[in-house]
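No hydrogens, no waters, no symmetry mates; every other heavy atom, side chains included, goes into these values. The structure presented is a predicted model; accordingly, all values stated were derived computationally and were not measured.
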Amino acid sequence: MSDPPPQPEPPRPPRVWLITSASNPLGHAIALAALQAGESVAAGCTREEIHADDGPMRELKLNGGDRFAVLELDTRNIALCQSALAETVHTFHRVDVVLNCSSQSYIGTLEELPYTHILAQFEAAYFGPVNMMRSAVPFLRRQRGGHIVNVTGLTGHMGTPGLSVRCAGDHAVEGFSDALAYEIAPFNIKVTIVQPPLEVNVLSSRIHLTPTQEKGYTTFEALSRIVKAAPPPRGVLEETVSIITHIAALENPPGRIVVGAEGIEQVKDRLKTVSEELEEFLGASLGVDTPKE
């Protein structure tokens, strides 16, 4: 007798998203896309936005119905992160995707940037996502699976003049994410870093700009003009949304993904420079090795 044909796998239930900020352009667009795909969304926002009759939450409520929940969430407050996870699981019985997309950028030259802005940038770009991940891991571990998606940017891969502290925060959270991915892999929890272009992770976020009073900072002045220009093209935002919703559905998502052809070329150029410097100083690097007896 021949073996019976393999049975098709049962369809996966719609995913449950926890989005740290559904009021910024990226978080709102992803929440809307998920709801329109029949999935459930727990959306983080401020206390004022929860009770507002209009604004970004209203459209999501109309699209989501009982598949949409609004949560007070500020990732800099770990107690709010913990309560957001607990409320999401209580409402939807699980959480499949935790999307860290809360963002604000402190822009300025290092010598003129207020020290309070440096601390505030790390609170927003590093400690906020870490608080969220630390709160999410116990829930994801108990349910034996899940996906953490951290939105950083090309600022997490290379330096940008005027964005030194934002780059530092994004580099830090990427290093944290790389290590965490190995740590929680035995529990079938995936971690992905998404690197959208400047238009999405900086220009679409809340910006604190410290103008320079010193002449000669030409690269910073160029960035200042971009910041003060028109809002980012919608096509770039839609491309980022498409990539995030795609990788969130994968069984084996990438650990890191760059959004857009321009970003890919910039990353390739950066890796080429690193490789060339490695080869140029290879003799000096190998010279420190102790010969084996």
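- Looking at residues two or more places apart in sequence or on another chain, you find a salt bridge (charged side-chain N to carboxylate O under 4.0 Å, His left out) between R94 and D96.
- Nearest heavy-atom pair, P14 versus G38, reported as atom, atom and distance to 0.1 Å: CB-O, 3.5 Å.
- Every residue meeting the salt bridge (charged side-chain N to carboxylate O under 4.0 Å, His left out) condition with E72, not counting sequence neighbours, appears here in chain and number order: R47.
- Under the salt bridge (charged side-chain N to carboxylate O under 4.0 Å, His left out) criterion, E239 pairs with no residue, sequence neighbours left out.
- For the salt bridge (charged side-chain N to carboxylate O under 4.0 Å, His left out) test, no residue two or more places apart in sequence or in another chain qualifies with D269.
- Residues passing the side-chain hydrogen bond (donor to acceptor under 3.5 Å, both in side chains) test with T20 are S102, sequence neighbours excluded.
- Annotation for Y115: hydrophobic cluster partners, listed by chain and number, are Y106, L110, L113, I118, L119, V165 (ILVMFWY side-chain heavy atoms under 4.5 Å, direct or chained).
- For E123, the side-chain contact (heavy atoms from CB on, under 4.5 Å) partners at least two apart in sequence or on another chain are R76, F127.
- A search for side-chain hydrogen bond (donor to acceptor under 3.5 Å, both in side chains) contacts involving R15 returns E39, not counting sequence neighbours.
- Here T75 pairs with nothing under the side-chain hydrogen bond (donor to acceptor under 3.5 Å, both in side chains) rule; sequence neighbours left out.
- In this structure N131 satisfies the side-chain hydrogen bond (donor to acceptor under 3.5 Å, both in side chains) test with no other residue, sequence neighbours excluded.
- With sequence neighbours excluded, no residue forms a side-chain contact (heavy atoms from CB on, under 4.5 Å) with S164.
- In the hydrophobic clustering (ILVMFWY side chains linked at under 4.5 Å, chained through shared members), I264 is joined by L154, M158, V258, V267, L271.
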